[in-house]
Amino acid sequence: MSKKHRLKAAELLALTCEDGYLFHDAKGKPVELPQPAAPLADTHGHLTHFRQHNPAEALARASLAGVGLLGVPVDPVGDARDPRWLLSALDAWIENAHTCIDELRSWGVQPCLENPYELLDHVHLWVGVHPYGAAEFNQSKAAHKALHELLSCSRTVGIGEFGLDYGPYNQVDPKEQMQAFREQLLLAHELDLPVELHIRDADGDAEASAHKNAAQLLEELGVPKAGCDLHCYTSDARVMEPFVELGCYVAFGGAATFPRSQDIREAASLCPSHLLLSETDSPYMAPMPLRGMECEPAMVSFSADLLATVREECGSGTRDETYRSLWANAHRLFGLEA
Ligand SMILES: [Zn+2]
């Protein structure tokens, strides 16, 4: 956070806080954060995938933006091959975030929460193997060992992200993906833990096969009693319907704010209030008006604001009701008291 930090020009513009603003657009103009009507929850924000940002500073900015609860997904076949390193790095980021919060406040940033350090006691882990790592997971004893080691950590609240990814970036055989999906879903049942699912259809697949196969498996094995979250929901209301009928939560993030995402916004306005969640999937898909920048958990502020707006417009709930539901639902999914 030191002003001596050498940041690239665009990043300097995006993050300089000397004027008391947490974020700036690509032209360096300060961006006002929406005032949340309740503390904010980012149910799915990676801290280990940043290319430019620093996790401790990201935690500090999230704290000041009003985020009071964060779920960090980690993957025993990806960023969590070495659980001990990961857990001690996380402790250090949280520790350093205290100092970063103080520094940002000294620059005039006003905290949205009464206790600006609240988030630092509420950083939780989701542990699971993404469909990208399914084939390796199916054969790897070390990955299974790391998964169980992380599941026993006191920060861990559930299993995720796992699921099916038939998109263009995943070359893993669908059968291998299904095997890893099934195994992790069964484990959630066995341990009575909630799950966060990553489900992505192939481009242009009108059948939504990944979603169809995922719903079928949930029907066969049952939805974990502790909860099931369709993370980073980017499909329409029709694809969402069977999951809502099964009682799954649906998490909306940056993609819902993009101008062409009318179908996602329609799903967000029709999702029952007790199943609605907010997330960032940071560092991916920063919401408008910061689209294109590296996303951080603080930016859940914009996605929550969008959800509150579209739901008020269509009569699904007042702004206050939406903010309160987002906070309460995240706690229920995480197995925590709100
Ligand atoms: Zn993710």
Side-chain angles (χ1 to χ4, degrees), residues 40-53 55 58-59 62 67 69-81 86 89-90 93 123-134 136-137 143 146-147 150-151 155-170 172 177 180-181 184-185 188 193-201 210-211 214 227-235 243 248-258 261 264 277-287 290-291 293-300 302-304 330 333-334:
L40 299 165
D42 181 359
T43 55
H44 190 108
H46 299 267
L47 289 181
T48 54
H49 296 188
F50 288 130
R51 269 172 297 133
Q52 298 159 322
H53 297 183
L59 285 170
V67 179
L69 179 67
L70 171 64
V72 181
V74 296
D75 185 340
V77 174
D79 53 8
R81 284 171 189 264
L86 182 95
L90 186 59
W93 296 331
V123 178
H124 298 282
L125 290 179
W126 289 86
V127 184
V129 179
H130 191 282
Y132 289 169
E136 185 180 339
F137 177 64
L147 176 78
L150 287 158
L151 284 175
R155 287 192 190 279
T156 301
V157 291
I159 306 183
E161 59 190 296
F162 64 91
L164 301 172
D165 189 319
Y166 299 168
Y169 305 112
N170 195 12
V172 176
Q177 295 191 47
F181 184 3
Q184 292 176 88
L185 186 57
L193 287 172
V195 297
E196 282 193 345
L197 299 183
H198 169 105
I199 310 293
R200 179 171 179 170
D201 296 312
H211 282 87
C228 173
D229 163 25
L230 246 62
H231 121 78
C232 192
Y233 193 75
T234 53
S235 298
F243 294 93
C248 296
Y249 294 91
V250 189
F252 296 90
T257 69
F258 300 165
S261 299
I264 308 177
L277 292 171
S278 52
E279 66 159 60
T280 57
D281 202 13
S282 98
Y284 312 105
M285 285 198 283
L290 298 174
R291 187 177 185 181
M293 291 180 178
E294 192 163 67
C295 185
E296 291 193 0
M299 297 181 195
V300 78
F302 297 102
S303 307
L333 175 71
F334 282 45

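As the structure lists them, so they are numbered: ligands from 1, and atoms in each ligand from 1.
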- Message: Under 2.8 Å from the Zn ion (ligand 1), is there any N, O or S atom belonging to H231?
- Response: no
- Got an N, O or S from H130 under 2.8 Å of the Zn ion (ligand 1)? no
- Message: Would you say the ring centers of F243 and H211 fall short of 6.0 Å from each other?
- Response: yes
- Centroid separation F334 to W126 less than 6.0 Å: yes
Can you name the N, O or S atom of [X] that is closest to the Zn ion (ligand 1)?
| X | value |
| --- | --- |
| H44 | NE2 |
| E161 | OE2 |
| H46 | NE2 |
| D281 | OD1 |

- Derivation and outcome, side chain to side chain donor-acceptor pair (under 3.5 Å), residues H46 and Y284: CA-CA 9 Å; H46 299 267; Y284 312 105; 5.9 Å; no
- Task: Using modelled atom types only, decide if a donor and an acceptor are shared between the side chain of S278 and the backbone of A41 within a distance under 3.5 Å.
- Result: yes
- Do the side chain of R155 and the main chain of V123 share a donor and acceptor less than 3.5 angstrom apart? yes
